[in-house]
Every structure is written in structure tokens, then in C-alpha cells.
Amino acid sequence: MRHDLLILFFILLSSALMADEHSNEAPSFKVQGIVTDEKGEGLPGASVWVKGTVVGAGTNAKGEFSFKLSSKNRCVLRVSFTGYEPQEREVTPGVDSLYHFVLEPSNNALNEVVITGTRTLKPLKDVPVLTRVISSEDIAQVNPLDLQSLLEYEMPGLQFGLAHGSGLPELKFQGSAGGYVLFMIDGERVAGEGSSNNIDYNLIDMDNVERIEIVKGPMSTLYGSQAMGGVVNIITKDANRPFTGNVSVRYGNNDESKYSLSLGTKQGRFSALTSLSYRKRDAYALKDKEGQIEYSYYKDIYGRDSVVADTSEKGMSSVNGFEIWQANQKLSYTFNENFRISLNGTYYNNDVLEYVEQKEQDRFSNYSINPRVYYAINDSHILDFSYVFENYEKRYVYTTSLPSKKVFGDLTNTVRLNYTGYIHEKHTLTAGIEVNTQKLQHYWFDNGSGKKFDAQTYVLYLQEDYKVSDSFSVLAGVRSDCHSKYGFHASPKISLMYKYGVLTLRGGYGMGFRIPSLKELHSEYDMGGQGFFMIYGNEDLEPEISHQGTFSAEVTKGIFNGSVSGYYTRFFDEIALGLTSDGKDQQYYNADDATRTGVDVMAQFRFKSGLTLKGAYAYIDVHSEVDGYNMASDRPHSLTFTANYSKTFGKVGLSVALNGRWMSSVETWYKNSAGGYVKNEYESRTFCSLNFGARFPKGFRFIAGIDNLFDFKDKNVTADQSVTPQRGIGFIGTLSVNIADLLKL
């Protein structure tokens, strides 16, 4: 299938190139100008594009831009730059003059254009679905080594732990496990499995990320299965200047280092960006500061309630490291105002490093290819065709001379044709067809014999974004999935938005669904390889269904932006892993109904003096009860906060950023081998980071950081696997050089 689609892609490319030879004979008209800030300084890397077309350019080191159009008709230019208010101006191509745009600093980021919540480009303030954006500015303030570090400082209600067995990162988000959150890169889902039902979060190279868009709640209407708990869309960088180049080196005292290089160009109709990176962090081990107190409740032989308090012996927990090589390539060619074609590719190799060297080492690898065709029939009707092939593998690499062994392979293909129509200025119609195929080899199948299973899904989706008036809009849609095993399923969604002065109200309902994974259906695995117990799949599983209602109120006035949002979700046929009837083994099953209730609060002040204060709070009420005992380890209260100050002195820009996270304590239960219920108490956690940044002339930038500023350490690291243990203070230094600014290109 993938070979046929790639052949089709290159036929389209060849045909377009031949057609373009004749179009070159037509006259072209130049559009040129300069983009500056309020002080008259040129803004390098500002985006300039013609609304309703695929044509645009980035500014050079002096803030200058230039491109050609084949028509002399008047058009609208949109100019944008991170941290500044965008501008639009009607121009006439071919006029012999420069267009000068002066951008003013923005009080907030609500004019930033996002795409995830609606599949169409819309300013953040006009999206009916509440969307959280982590900008490039936010990422620079945290200066994270990986995606996990960034999300922990930016998203309350989210926590990373360590998966049992593999020790790899495992996510919980608003009470839902990682398998309920869909991660995408540039709008395409991420394949593969790192820890159980979680993606490999190390796939994300933070130096290649432009921004992250997060939509909470079920998004199955647009994105299908696995989008029950929300969508995290990672937008990667593009070549945004005539020449783009950056090199950076990062080193930390806690055995971490990173080296990255990116080179690119945006010249006329052609753009390309190549990114290379090497990351390494050694594995480490932490010991318990004190034993964890466990309370066991049970009935004695006389039927009386009894309790035993036991202080376990101090233990040790290890956190795996990694050694990663990664390459990303983006290519794009614009034939005319209506037609663009692009090709993205990625290669990734991760050798997992363990604290105690084993006879075999895990190696994860991935390569993907994503051709895309964008065709604007006219200003009102746009077609977007994409194909994604992704091959994610896990191998055992032996310390002896034995050849490596493939134990996991996830081969996916996705084909999508998307239509966007702008009708009568009030209606935006989105419709599409999609085909998804998966072929999975898993070491949980038939005890790692190499057995494979496959599945196919055929999709139709339709969404209407109706702007009833300047103050009221409605977003409604439905998606129908036809699965090779489970047949037809429909997922509706509706969102409402009402604006009144500085107040924006949003509310809605969404149905989520999740088809059982091939692993949950077909597992047959000897856990530990010692015959202690088996884990079995269940081919009689039913898909999970969720119903969620949401409501939010947002206030924006001057330098202030704040919101309060609440949600209630009810799950039906939730898939869980539990004991078989004989009590010896484990098997996937559809559990009883479950609920999630939560409240999120966010506030931000951006002062003109250069000071930004931001805080976010999340409350989660998760019920996962067995015999009246709560088995959930989700911490009900969490808080993130940021204080950032930046100031320019002459040609040197200085900044300081304090980022912090607090999580409440929690009591959780589990059932021991004797049939008694055991209560564990996990303490609250607070950790902060402090980063000092300096931006010098000619593109030099240095950041010195202190991670875990107050040296927080968990008292007991072996009992609580629901969070990643803190290892003490870390000192980090990052030096980057913008080659384009250095060479004044």
C-alpha cells in the first residue's frame, strides 16, 4: 500500500513540475518590504504570507522580506511574530515601493493562530474549544531536556510516573492513563509504544519544537480512537528565513548532555530544514530516605476487622537513561498561489541505559515519511491530502556476540483527504475521509514468538463551525469509524462560545471512544518469564465509551488573561487489567462504569515592564473503587507557577525565569497476595527550576539553570511509582548560536 501511495505522490510532483515550467513563462509581480518592532529594529524570522493562498516568506536578519505572485490583483498580507500583535494590510503586487510593517508587543497570545481544536487555522481567542498553547517563549523559559520536563512545569493535572517492569515514563492526564491521550506531531498521530500503552516520549526533540497545542477532553470526532482524554499536538519548526541555522550545546552535572544542529532555507518557492540531535542521560538509582508505612486491613479467622501497620525495609529504585540519535527533514515547494507539496521524514534511535547493566539492552528505533499535497481550489475551498508511513521497533541488543532480536514492531499507514470550505463568511465546513492500518508484532503475543496481528479503520468525518454573530458561534461535528473487528461507531461533539465584552464563555458535550488495542485483545505473556503468572488478552472486549460535559469562563483585559473551566466525564466499559477467576493470572476486562470530575484555573499577567506572572491549578476527583477502596493514585490537587522577567540593556537581552510545581498528597490502596487491602500514603511534592538567560549580539545565547532548586527528594521512591522521583539539585548550562544572525543573513 505505501509503495503505491509514494508512487502516486511522485507522479503528482512530476506533473506539477512539468506544469510549472509553462507557468514560469507568465509574468510575476514582486511583493517586498520590511518588518520592525516598535523601536524600529528589524524582526528576523517574522512570518509574512498572503491570506487565502499558500505563498509567503520569512524575514532575514534585517527584517526584510520578498516574494513573487503571478497575479497583480489586490491581496491581504498577514504579518506575525511571536510576542507581537499580528497585522494585516491590503496591498497591490508589483507596486514599486516597500511595505513597512511595525509590530507592537502583545499583552497576551490570544491572537496566535492554532489548528488542533478545529482542524482549521483560527486565532486562539476565536476557538470554541478551550485550547492551551505552550509557545516557543514558554519552552525557552523552562529550558527542558525532554518533553516530560516541559509538560510537568506547564500542565497541572498531569503527572509522569515509571511503568512497572520497563521503568519507562508513564503518563496520567486528568485522571486518564497515557493510552487515552492522543499525541501528534504536526497533526499526525505518533505510533509505537514506549511503556505500557504510552508513546515513547523521547521521540520528541525539544530543540525542534515551535509550540505545543493542548486540547483537553474527548476529541474523537476529529481524531478518532485514543483521543478520549485529550490531544497534544506538537508543532515542529519550519525554515522561516532565507537562511536558517542554529547550533546548541547543553550540559548538566546530573550526567546529561545534548548537542543539536539545524540548517535550512526559505528561498522563493522552495524551503528545507534539516535537524540533527544527540541526547544522553545516564541511568541513576535512588534509595528510600525512610520506609513506607503500609496499613493492611483484613478479616481474621473469627471474622473480626483487623489491621497491621508495617514499615517496609528501605529499598532502591532506578530510573533508566537514554542515548538518542535523531534526524528530521522537512522539504516544501510552492508551485503557485494555490498549490504546495511537502515531504517530511524522521529517523530516531534510542539505546535505553540501565543502572545495572543487563545481558540485553532495549533499543527503540523509528522512521517515518509524510508526503502532503495542499491545493486551494480558490479562496473558499481547500483540499489537503496526506499520507503517513511509520515503522516503530524495539529490539534486544545483547552484550555478547549474539545478533539483536526484534521483539516489537508497529507498522502504521494513514491516508487522509481533508476538505475545508469557507462559505458566506459565517460557515467553515470541514470534511474528510481517512484510512488507518496497523500491523503489530508484540513480545506479549504468544510469549514473544513473533506473532503479528493487524487492524484497519475506515473513517468519515464532518464538522461545521458556524459564526452566528460576532459574539456567538457554534462548532458541531460527527465522526463515523468502521473498524475491521468492531464495525461502525459514531462520535458526535458540539461546542458553544459566547463573548460579552472581556468575558468569553465556552461549553459543550463530546463523546469519546477507544477501541481495544491489539495488545489488549491478543496478549499471552509470561510476566517475568518465570511462570509466576500469565497476562491474557480478551477478544470479547467492548470499546470504551465516554460522555463529557465542559464549561469554561475566560476573562481578558489588558495585561490580564484568566480562565476557570470544569468538566465531568463518565466512562462505560472501561478497560482494566485484573485477576482471572482462579486468582492465579491476569486478564483484560471491561470494568464497571467510572467517572472523572475536575476543575482547572489559570491566570496570567504580562506587564509592560517585562515581567510575566502565570499560575495554573487543577483539581481532579477520580473514583476507581474495588469493594469500596480507592485504587487510584492520582493526586487531587496540583499547581504550576511561573515568574519571568526580561529586559534589554543596549544590545544585550537578559532574563530570569522561576518555574515551579506542587502536587498534593494522596492515599491509595491495593490488594495483596493474602487478599487483604493495603493503604499507602504518598506525600506532597514541590520542585522548582531557576533559569538565567542572556542574549548577545550576533546570535549568541547562554542559559544557566538550576533544576530542583530547593533539593526536594521523595522520602520513599520504591513505593510510589506514579511519579518520577526527584534526584536532587541539578546545574545546567546551554549555549546556542543562531548562525543566520552571526552571518547577518
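Source: prediction; values computed, not measured. Below, all heavy atoms of this structure are taken into account, side chains as well, without hydrogens, waters or symmetry copies.
Here Glu393 pairs with Arg395 in a salt bridge; the nearest charged N to carboxylate O distance falls below 4.0 Å. Between Glu152 and Arg685 there is no salt bridge, since none of the side-chain N atoms of the basic residue sits less than 4.0 Å from a carboxylate O of the acidic one. Salt bridge Glu193/Lys519: present, at least one basic N to carboxylate O contact under 4.0 Å.
The minimum heavy-atom distance between Asn143 and Ile732, with the atom names listed, is ND2-CG2, 4.3 Å. Across all non-hydrogen atoms, the minimal contact from Ser689 to Asp707 is CB-OD1, 3.7 Å.
The aromatic rings of Phe389 and Tyr367 are tilted relative to each other, their planes meeting at an angle between 30° and 60°. Note: His483 and Tyr486 have tilted aromatic rings, judged against thresholds of 30 and 60 degrees for the angle between ring planes. The aromatic rings of Phe160 and Tyr201 sit perpendicular, their planes meeting at an angle over 60°, well past the 30° parallel limit. The aromatic rings of Phe408 and His442 stand perpendicular to each other, their planes meeting at an angle above 60°, with 30° marking the opposite boundary. Taking the six-membered ring where tryptophan is involved, the planes of Tyr525 and Tyr443 are perpendicular, since the angle between them exceeds 60° and thus also 30°.
A donor-acceptor contact closer than 3.5 angstrom links the side chains of Ser386 and Glu188. Side-chain contact of Glu434 with Asn436: a donor-acceptor pair under 3.5 Å is present, judged by distance alone. In the model, Asp200 has a side-chain atom that pairs as donor or acceptor with a side-chain atom of Tyr392 under 3.5 Å.
In this structure the side chain of Leu353 reaches within 4.5 angstrom of the side chain of Lys280, judged on heavy atoms.
Taken to the nearest 0.5 Å, the OH atom of Tyr278 stands 14.0 Å off from the CG atom of Asp205.
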